[in-house]
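Below you'll find the structure, written out as structure tokens, and then a few comments.
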Number of protein chains: 2
Amino acid sequence: MTSVLVCDDSPLAREALRRAVATVPGVERVTTATNGEEVLRRWGADRSDLILMDVRMPGLGGVETVRRLLSADPGARIIMLTVAEDLDGVALAVAAGARGYLHKDASRAELRATVTQALADPTWRLAPRRLRSAEMGAAPTLTAREIQVLEGMSHGRSNAEIGRELFLSEDTVKTHARRLFKKLGASDRAHAVALGFRWGLVR
Amino acid sequence: MTSVLVCDDSPLAREALRRAVATVPGVERVTTATNGEEVLRRWGADRSDLILMDVRMPGLGGVETVRRLLSADPGARIIMLTVAEDLDGVALAVAAGARGYLHKDASRAELRATVTQALADPTWRLAPRRLRSAEMGAAPTLTAREIQVLEGMSHGRSNAEIGRELFLSEDTVKTHARRLFKKLGASDRAHAVALGFRWGLVR
DNA sequence: ACGACGGTCACTCGAAAGAGTTACGGAGTT
DNA sequence: AACTCCGTAACTCTTTCGAGTGACCGTCGT
């Protein structure tokens with residue numbers, strides 16, 4: 001029973017993808033999801049042979065979803081869907097373990113060819129592109145606290161303010177800050193916020 | 001000649017939207033674009049009665065495109081397309097002058113109803129939602145320099161480093177920084193970077 | 001039981017950032 | 001001609017940040 005999971009936040013794109021994938025020879029079932037959380041929630045009970053997932057999604061970003069999915073199931077095969085210049089997101093996703101990517105500009109034929117390939121060869125993997133090592137290596141798994149601190153930063157709050165907001169001492173906030181900088185490979189809070197956005201950790 | 005312009009980076013979503021809009025009574029022509037730049041470029045020669053545009057797009061973001069479009073033609077009617085929790089983007093776009101928004105979760109019927117309404121009543125406008133005044137009021141028109149500085153910040157560079165990169169003194173970079181903070185309503189560089197992402201000014 | 005990790009807090013120190021202010025020349029607008 | 005905006009640069013002063021270090025406790029997994 002060959003099944004494919006399509007995940008995109010737009011129902012229009014989702015439906016179009018679903019229909020396109022359904023025409024691939026050998027595909028017997030196409031299920032859909034609208035966001036990363038749903039993919040993760042569903043993955044325990046119902047595993048598909050292949051996942052097509054948008055890089056940019058509200059809530060849990062595509063990159064972060066890939067990371068979590070693969071930590072739960074290293075064998076999962078994921079192809080990222082992306083748009084023109086979002087190479088950062090793709091590179092991050094591929095580095096996180098996605099098997100490859102598809103431009104959404106891809107024709108129906110290309111899409112079908114890639115899906116066919118991925119299903120036929122379980123080891124199929126895109127030739128890794130040139131990656132920017134600095135922002136790529138680490139798999140940023142931020143703790144809840146660290147994300148709260150990062151969010152505070154993204155709203156322009158000082159460490160002291162974040163501390164007041166979270167009922168922590170400024171020193172504690174600084175500790176979380178330092179740890180999340182290290183995880184993200186950020187050189188300062190502005191960089192950390194930017195990486196948070198690029199990884200889909202904050203909005 | 002009633003025409004509608006559909007702008008979405010994904011050809012699948014674009015096509016689906018085009019087809020849905022084409023079924024709206026009174027719509028005689030549906031054109032498409034794939035990004036903000038294309039919309040702006042085309043707007044001079046070929047004006048549509050209504051624009052449906054994705055909030056999140058590579059390159060020029062939806063919010064920034066709305067702003068520029070309306071500064072060129074204050075009469076343009078724009079409806080933003082968005083996804084679940086991207087309320088920030090929508091609020092920003094509406095504040096920038098978009099007439100309303102549509103969840104991409106909207107059914108075909110809802111979409112058609114909204115388009116019908118917008119075309120029938122040129123003054124139609126979404127009841128303005130509760131807006132976060134701090135981040136909303138100003139229309140952030142950053143100069144090229146200011147964007148370069150903001151981008152430098154988003155890559156974790158210090159003012160001195162940005163200065164070296166752009167062949168400016170650190171003091172000049174600070175001036176640009178202060179000015180762009182003021183325009184964005186940012187309290188520090190981390191906040192500025194976050195707002196830059198939310199406005200679609202940087203990636 | 002030990003170790004790793006996360007959450008908490010504290011201290012110092014030097015480097016940045018940010019506020020405030022001033023200034024000058026050019027471009028574009030009114 | 002006056003005015004505003006932009007780009008450039010310098011100066012001072014205060015606040016904040018970030019590095020480095022150390023420490024205590026609880027939890028979880030091995």
Side-chain angles (χ1 to χ4, degrees), chain A residues 64 67-68 71-72 74 134-135 137-196 201-202, chain B residues 64 67-68 71-72 74 134-135 137-196 201-202:
Chain A
E64 181 62 11
R67 218 190 43 69
R68 298 199 190 176
S71 78
E135 294 178 7
T141 312
L142 300 195
T143 65
R145 268 297 190 232
E146 286 162 352
I147 286 182
Q148 287 176 322
V149 170
L150 183 58
E151 273 171 354
M153 290 178 182
S154 83
H155 290 304
R157 298 196 244 286
S158 69
N159 291 334
E161 284 171 329
I162 295 171
R164 257 170 263 139
E165 191 184 29
L166 300 177
F167 304 104
L168 300 175
S169 78
E170 183 180 347
D171 281 312
T172 301
V173 175
K174 282 189 180 181
T175 302
H176 291 307
R178 253 178 305 108
R179 288 179 180 166
L180 79 88
F181 289 169
K182 182 137 199 163
K183 285 182 180 176
L184 291 173
S187 51
D188 58 38
R189 54 178 47 213
H191 197 197
V193 167
L195 294 170
L201 296 168
V202 293
Chain B
E64 181 63 10
R67 220 189 45 68
R68 298 198 190 178
S71 77
E135 294 178 8
T141 313
L142 300 195
T143 66
R145 269 295 192 236
E146 286 162 352
I147 287 182
Q148 287 177 322
V149 170
L150 184 58
E151 271 169 355
M153 291 178 183
S154 82
H155 290 303
R157 297 197 244 286
S158 70
N159 291 333
E161 284 171 329
I162 295 171
R164 256 170 263 136
E165 190 183 29
L166 300 177
F167 304 105
L168 300 175
S169 78
E170 182 181 348
D171 283 312
T172 299
V173 174
K174 282 190 180 182
T175 300
H176 290 307
R178 253 177 304 108
R179 287 178 181 167
L180 78 89
F181 289 170
K182 181 139 197 161
K183 285 182 181 177
L184 292 174
S187 51
D188 58 40
R189 51 178 49 214
H191 196 197
V193 166
L195 293 170
L201 296 168
V202 293

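Every chain is numbered from 1, with letters handed out A, B, ... down the list of sequences. Below, each value reflects all heavy atoms present in this structure, side chains not excepted, and no hydrogens, waters or symmetry copies.
- In this structure, K182(B) atom NZ and dT21(C) atom C1' are separated by 13 Å, rounded to whole Å.
- Looking at heavy-atom distances under 4.0 Å, R178(B) makes contact with a base.
- Contact between the side-chain N/O atoms of H176(A) and the OP1/OP2 oxygens of dG6(C) is not found at any separation under 4.0 Å.
- Residue-level contact check: S158(B) touches the backbone only, with heavy atoms under 4.0 Å from sugar-phosphate atoms and none from bases.
- Rounded to whole Å, atom P of dG18(C) lies 14 Å from atom CG of D171(B).
- Inter-residue side-chain proximity for T172(A) and R145(A) is flagged as unmet; no heavy-atom pair is nearer than 4.5 Å.
- One can place CG of N159(A) at 14 Å from C1' of dA16(C), the figure rounded to the nearest angstrom.
- The residue among A160(A) and E146(B) whose nearest nucleotide of DNA chain D is located toward the 5' end is E146(B).
- The nearest whole Å value for the distance from the CG atom in D188(A) to the P atom in dG14(C) is 21 Å.
- The phosphate of dA9(D) (OP1 or OP2) has no side-chain N or O of T175(B) nearer than 4.0 angstrom.
- For the salt bridge (Lys or Arg N to Asp or Glu O under 4.0 Å) condition, the pairs that include at least one residue of residues 158-168 of chain A, sequence neighbours left out, are R157(A)-E165(A).
- When each of V149(B), V202(B), L150(B) is tested with L142(B) by the rule side-chain contact (heavy atoms from CB on, under 4.5 Å), just one qualifies, namely L150(B).
- Residues E170(A) and K174(A) have side chains in contact (heavy-atom distance under 4.5 Å, counting atoms from C-beta outward).
- Using a 4.0 Å heavy-atom cutoff across all strands shown, R179(A) reaches at least one base atom of the nucleic acid.
- For T143(B) against dC5(D), no side-chain N or O and base N or O form a donor-acceptor pair under 3.5 Å.
- When heavy atoms are screened at a 4.0 angstrom cut-off, S169(A) is found touching the sugar-phosphate backbone but no base atom.
- Side-chain contact between H191(B) and L184(B): absent, with no pair of heavy atoms (C-beta onward) separated by less than 4.5 Å.
- OP1 or OP2 of dA17(C) has at least one side-chain nitrogen or oxygen of R189(B) nearer than 4.0 Å.
- One can place NZ of K174(A) at 12 Å from C1' of dG14(C), the figure rounded to the nearest angstrom.
- Contact annotation: T172(A) side-chain N/O to dT8(C) OP1/OP2 distance is not under 4.0 Å.
- Taking atom CG on L150(A) and atom P on dG18(D), their separation rounds to 12 Å, with Å as the unit.
- The distance from atom CE of M153(A) to atom C1' of dA17(C) is 15 Å, rounded to the nearest whole Å.
- We find that CZ of R145(A) is positioned 16 Å from P of dT27(D), with the value rounded to whole Å.
- The residue among S187(B) and L168(A) whose nearest nucleotide of DNA chain C is located toward the 5' end is L168(A).
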